[in-house]
2 protein chains.
Amino acid sequence: MAHDHDHKELLDKVRFELPTDELLCDLADLYKIFGDTTRIKIMYSLFEEEMCVCAIAELLGMTQSAISHQLKILKDANLVANRRDGKTIYYHLSDDHVRSIIAQGFEHLVEEQE
Amino acid sequence: MAHDHDHKELLDKVRFELPTDELLCDLADLYKIFGDTTRIKIMYSLFEEEMCVCAIAELLGMTQSAISHQLKILKDANLVANRRDGKTIYYHLSDDHVRSIIAQGFEHLVEEQE
DNA sequence: TTTTCATATGAATATGTACTCATATGTTCA
DNA sequence: TGAACATATGAGTACATATTCATATGAAAA
């Protein structure tokens with residue numbers, strides 16, 4: 001068996017503080033979206049300006065299809081939104097959370113390297 | 001062909017603002033670690049107190065081996081650290097970044113549901 | 001030293017997922 | 001209406017990875 005010693009008190013305390021499984025899963029799902037280089041690059045590309053799909057594809061040197069698939073994931077998570085102008089569809093960040101979440105990650109990386 | 005219209009100026013501008021590939025990959029790798037329910041639960045469990053491996057396993061209802069594998073990933077990323085006390089090894093968060101990164105995610109989720 | 005306990009770890013498997021390819025949808029212009 | 005363009009999407013494939021199982025490591029107690 002793996003454990004013998006007792007920690008029921010500790011477990012009860014921590015269990016009480018732990019959010020619901022559903023919330024923790026949602027949180028993991030959110031970060032899962034940030035955990036892909038292509039999606040990070042797409043989001044970063046939209047930091048300053050809206051861009052159309054083919055511009056993002058050209059910028060990142062990837063196919064239109066690949067970018068489109070990733071944009072769908074970002075859109076389903078409400079991280080980006082789009083508008084149509086004729087044949088072209090322009091994507092932009094849907095709110096400032098993307099910026100602050102990415103900024104927070106950078107901070108950790110920077111302090112890591114010191 | 002996918003694109004016909006011109007956006008060289010935009011691409012040059014955005015390309016200039018984009019961080020290096022290496023940095024963007026590091027960022028994605030960091031978030032990848034947060035993008036797993038088990039690891040999120042482990043980190044959350046360590047919010048208030050240090051815990052030994054078997055306590056975490058019992059808390060989450062998972063095997064000691066599974067938890068140990070995930071703790072290694074967290075430790076390699078400098079997100080948790082440990083200390084030995086006899087046969088037992090206690091893990092704790094290595095700094096406050098974990099807390100603030102998770103808090104940031106929560107904020108996004110909460111505003112999402114409004 | 002041998003046994004027991006706590007944890008770590010390598011290999012195998014099963015599941016998830018990013019990209020490709022082909023094609024569908026929707027818009028504009030001739 | 002038909003052709004060209006921009007984007008979306010379903011199926012298939014290749015690769016990554018979380019967990020399990022068996023076993024190794026390392027420390028304390030008998």
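In what follows, every chain begins at residue 1, and chains take the letters A, B, ... in the order their sequences are listed.
- A sub-4.0 Å separation between OP1 or OP2 of D/dA8 and a side-chain N or O of A/Tyr91 is present.
- Atom CD1 of A/Ile67 is separated from atom P of D/dA6 by 16 Å (rounded to the nearest Å).
- Here the options are A/Asp96, A/Ile101, A/Ile102, the test is side chain to side chain contact (heavy atoms under 4.5 Å, CB included), and the partner is A/Val98; only A/Ile102 passes.
- Rounded to whole angstrom, the span from the CD1 atom of A/Ile33 across to the P atom of C/dG16 amounts to 16 Å.
- The CD atom of B/Glu50 sits 16 Å away from the P atom of C/dA6 (whole-angstrom rounding).
- Legend: ring pair (Phe, Tyr, Trp, His ring centres under 6.0 Å) pairs involving residues 64-97 of chain A, not counting sequence neighbours, sorted by first then second residue: A/His97-B/His108.
- Here B/Thr88 lies in heavy-atom contact (under 4.0 Å) with sugar-phosphate atoms only.
- By the side chain to side chain contact (heavy atoms under 4.5 Å, CB included) test, B/Ile73 pairs with B/Ile33, B/Arg39, B/Gln70, sequence neighbours left out.
- In this structure, NZ of A/Lys72 is placed 17 Å from C1' of D/dA6, rounded to the nearest angstrom.
- Remark: P of D/dA6 and CZ of A/Arg84 are 12 Å apart, rounded to the nearest angstrom.
- What separates CZ of B/Arg83 from P of D/dA27 is a distance of 15 Å, to the nearest Å.
- Side-chain contact between A/Ser100 and B/Glu107 is absent, with no heavy atoms from C-beta onward closer than 4.5 Å.
- In this structure, B/Glu58 places its CD atom 15 Å from C1' of C/dC5, rounding to the nearest Å.
- Note on ring orientation: taking the six-membered ring where Trp is involved, the planes of A/Phe34 and A/Tyr31 are tilted (angle from 30° to 60°).
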request  = Using a 4.0 Å heavy-atom cut-off, write out nucleotides 18-24 of chain C from 5' to 3' as B (base contacted by protein), S (sugar-phosphate only) or - (no contact).
outcome  = SSBBB--
